[in-house]
Amino acid sequence: MPVEGRLLSTWASLHREHGEIFVKINLLEKALVAMLQKNVAAPKENALVQQRDFLEAFKQGVVLHFAVEKEALFPEIAKIGKKEKTLMDELLFEHGSIMEKYLTIIQSPYGDEEKTETLLKMAQELEMHAQKEERDAYPLVKKLSPAQLEMVDQGAKRLGYRI
Ligand SMILES: [Fe+2]
Ligand SMILES: [Fe+2]
């Protein structure tokens, strides 16, 4: 494995998950838009299956993904400087907004139009959030010292994250 890949192991896993998130959101968005437009060619069942799959994947993966970023990665990046700390605060705020929508969604029944709209918003926020991390956080991950990267990996492992 290349040295960089070995050193950035937690980031490599987070990055891979961002890719998976983009694929899932793409499928979900198509199904939800068709459902909201009442497109008869796209059966409602398909949209419901996509919703369930997405919410399940969120619960299984994204919740831990957020925790690893919050507890292990972001604190190390925030140590770089003030600008970097501000960016990490922004990303954490976005986690909060996404989680808030998620909690609303799981409390309302499937097929409910408001739920579908909130889910669409949540998916779009998550997509933009992951794009922002890829664009703005990755260059900062590369600035971390080997000791900091080790701290990130240890923190991630403590949370039960497989890297
Ligand atoms: Fe994040
Ligand atoms: Fe992320």
Side-chain angles (χ1 to χ4, degrees), residues 1-33 50-107 115-163:
M1 199 191 276
V3 172
E4 180 172 279
R6 186 168 56 78
L7 285 176
L8 303 180
S9 49
T10 296
W11 175 259
S13 298
L14 293 170
H15 169 68
R16 178 180 42 74
E17 288 178 347
H18 289 157
E20 291 165 7
I21 287 169
F22 295 140
V23 171
K24 286 201 177 77
I25 288 178
N26 205 301
L27 288 169
L28 179 77
E29 276 179 343
K30 279 193 192 124
L32 292 185
V33 167
Q50 292 294 343
Q51 287 189 42
R52 267 195 205 104
D53 280 2
F54 178 78
L55 291 170
E56 194 53 33
F58 190 90
K59 189 173 82 181
Q60 301 292 335
V62 182
V63 173
L64 179 60
H65 179 109
F66 279 7
V68 168
E69 290 175 341
K70 182 184 179 196
E71 308 291 334
L73 180 64
F74 293 174
E76 293 305 320
I77 294 179
K79 285 179 194 163
I80 299 174
K82 214 173 159 192
K83 221 171 60 208
E84 289 77 7
K85 162 95 170 64
T86 304
L87 175 68
M88 295 306 106
D89 287 344
E90 265 174 47
L91 292 172
L92 284 177
F93 180 82
E94 291 171 11
H95 283 185
S97 170
I98 294 163
M99 282 306 292
E100 206 178 289
K101 288 189 178 61
Y102 170 71
L103 294 173
T104 306
I105 291 160
I106 56 169
Q107 281 164 21
K115 176 183 179 117
T116 312
E117 280 164 6
T118 311
L119 182 55
L120 192 56
K121 264 191 228 135
M122 176 203 161
Q124 287 162 345
E125 267 182 40
L126 180 58
E127 187 176 23
M128 283 192 304
H129 172 78
Q131 280 167 353
K132 186 168 166 178
E133 287 176 346
E134 289 290 326
R135 189 189 60 229
D136 300 337
Y138 178 48
L140 303 176
V141 175
K142 288 196 283 188
K143 285 189 181 174
L144 296 177
S145 69
Q148 281 188 296
L149 289 167
E150 185 55 36
M151 287 283 286
V152 174
D153 286 352
Q154 280 176 14
K157 279 183 199 152
R158 264 199 303 275
L159 290 162
Y161 195 54
R162 282 174 40 204
I163 54 174

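Quick note: residue numbers are just sequence positions, from 1. Read the numbers this way: they start at 1 and go in the same order the structure lists the ligands and their atoms.
Among the backbone and side-chain atoms of Glu133, an N, O or S atom lies under 2.8 Å from the Fe ion (ligand 2). Using a cut-off of 2.8 Å, one finds that Glu94 contributes no N/O/S atom close to the Fe ion (ligand 1). In summary, His95 places an N/O/S atom under 2.8 Å from the Fe ion (ligand 1), meeting the contact criterion. For a distance bound of 2.8 Å, the N, O or S atoms of His129 include none lying that close to the Fe ion (ligand 2).
For Glu69, the N, O or S atom with the smallest separation from the Fe ion (ligand 2) is OE2.
Taking 4.0 Å as the cut-off between side-chain N and carboxylate O, Arg16 and Glu20 count as a salt-bridged pair. Between Lys157 and Asp153 there is no salt bridge, since no side-chain N of the basic residue sits under 4.0 Å from a carboxylate O of the acidic one. Ion pairing between Glu94 and Lys132 holds under the 4.0 Å rule for side-chain N and carboxylate O.
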Just do the side chain to side chain contact (heavy atoms under 4.5 Å, CB included) check on Leu119 and Gln51 with the steps written out, would you? CA-CA 8 Å; Leu119 182 55; Gln51 287 189 42; 3.4 Å; yes
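Between the OH atom of Tyr138 and the CD1 atom of Ile77 there is a distance of 12.0 Å, given to the nearest 0.5 Å.
The angle subtended at the Fe ion (ligand 2) by NE2 of His18 and NE2 of His65 is 90°, given to the nearest 10°.
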